[in-house]
Amino acid sequence: MEETRILQADDAGIAGAARLLRQGGLVAFPTETVYGLGGDARDDRAVARIFDAKGRPRFNPLIAHLPDLAKAEELALFDDRARTLAAEFWPGPLTLVLPLREGTGLSALVTAGLPTVALRVPAHPVARALLRAFGGPLAAPSANPSGRVSPTRAAHVMAGLSGRIEAVVDGGPCAVGVESTILGFDPDGGPRLLRPGGVALEALEAALGRPLAIGPAGPETETETGPRPNAPGQLASHYAPAAPVRLEARAAGTGEILVGFGPVKGDLTLSATGDLVEAAAQLFHILREADHLAGPQGAIAFAPIPEAGLGRAINDRLRRAAAPRP
Ligand code: AMP
Ligand code: MG
């Protein structure tokens, strides 16, 4: 791709950034916490490119950023408590994990196939202006290569991602510098702090009028770089097909649906041309489609995917799908 453009945080720069995003481009922008790497959250390919640009080795779910509560309610189901929190802390550094509505058009890569979605309305005026100009949800993890320190200045973004994204909107240094607080609800309805961040635990407890459970709900947790205690994102709840899954397949066995890649033709293909960004963009759709085609008696076989670039995240996801079930 071409050089990464540095856009000024004025009307022309914001309009240019929104145009790039509408074309499926990636644009980093300031929020009050850190710089986010934005892409259209409804565009599978744009979201796949976020993982590629960051070099993330796994498809952990991303936060969808919105201009206001009304837009957030189009994506997720808010109950009274969620609305109370939104009214008190949005715009601001709070992310709410809520039940995903059906038919939102959100990319399955944003939710990692989960039935919940992480939502945030940032307070930074440049982020708000960009979200209004763009008009849709932006998936936006921190704008740094995976495993590196989060960026709080446009120059940090350029140091890590120059040449890998279309543009960065330079809005000066970020004020908070730590990530957003993530709050979710347990199946029994109890609120849970999934990640500490810019909004204090005590402020959330005061607003809810009750203490928060702390840490991930399940025993198995992960981050973008590997397993870690007290981090959000439950391994067990990630979408897994019902049918057994076999990897490194070059031909279909009896009763198997073969998912091809590149030269290995299948009943379905992740990418006929061997394009890893396309394969990542297709992955969650293909998992569901193959599961559907395999039916209750069948199985799924996946062609080999190269263990490089986005192929590492794809293989990570496929290895989980193929792992023995409890
Ligand atoms: P980042 O994109 O680096 O800001 O990180 C986003 C964080 O939100 C990750 O740690 C995710 O695991 C977490 N997250 C996003 N969506 C969900 C969800 N549906 N359930 C639980 N955690 C989530
Ligand atoms: Mg990060």
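Starting from 1, each residue takes its place in the sequence as its number. Predicted, not measured: the structure shown is a model, and the values here were computed from it. Both counts, for ligands and for their atoms, begin at 1 and track the order of listing.
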Val176 to Gly198 - nearest heavy-atom pair and separation: CG1-CA, 4.1 Å
Residues Ser180, Thr33; criterion side-chain hydrogen bond (donor to acceptor under 3.5 Å, both in side chains); working and verdict: CA-CA 7 Å; Ser180 62; Thr33 57; 5.9 Å; no
Ligand 1 atoms in contact with Val97 (distance to a heavy atom under 4.0 Å): 18 (C), 19 (N), 20 (N)
Metal site the Mg ion (ligand 2): N/O/S of Ser146 inside 2.8 Å: no
Ligand 1 contact on Arg56 by region, counting heavy-atom pairs under 4.0 Å: side chain
Lys/Arg-Asp/Glu bridge criterion (N-O < 4.0 Å) met for Asp43, Arg45: no
Whether Leu114 lies under 4.0 Å from ligand 1, heavy atom: yes
Test log, rule side-chain hydrogen bond (donor to acceptor under 3.5 Å, both in side chains), inputs Ser142 and Asn144: CA-CA 6 Å; Ser142 54; Asn144 55 297; 2.5 Å; yes
Pick from Gly113, Pro115, Ala64, Ala118: the one approaching atom 15 (C) of ligand 1 most closely through a non-hydrogen atom: Ala118
Thr181, Thr31, Leu94 screened by side-chain contact (heavy atoms from CB on, under 4.5 Å) with Arg120, the one that passes: Thr31
Sub-4.0 Å heavy-atom contact, Thr111 with ligand 1: no
Ligand 1 contact by Arg195, heavy-atom criterion under 4.0 angstrom: yes
Proximity flag Arg192 to ligand 1, non-hydrogen atoms under 4.0 Å: no
Where ligand 1 meets Ile182 - atom numbers and elements under 4.0 angstrom, heavy-atom basis: 7 (C), 8 (O), 13 (C)
Among Gly36, Pro61, Gly197, closest by any non-hydrogen atom to atom 14 (N) of ligand 1: Pro61
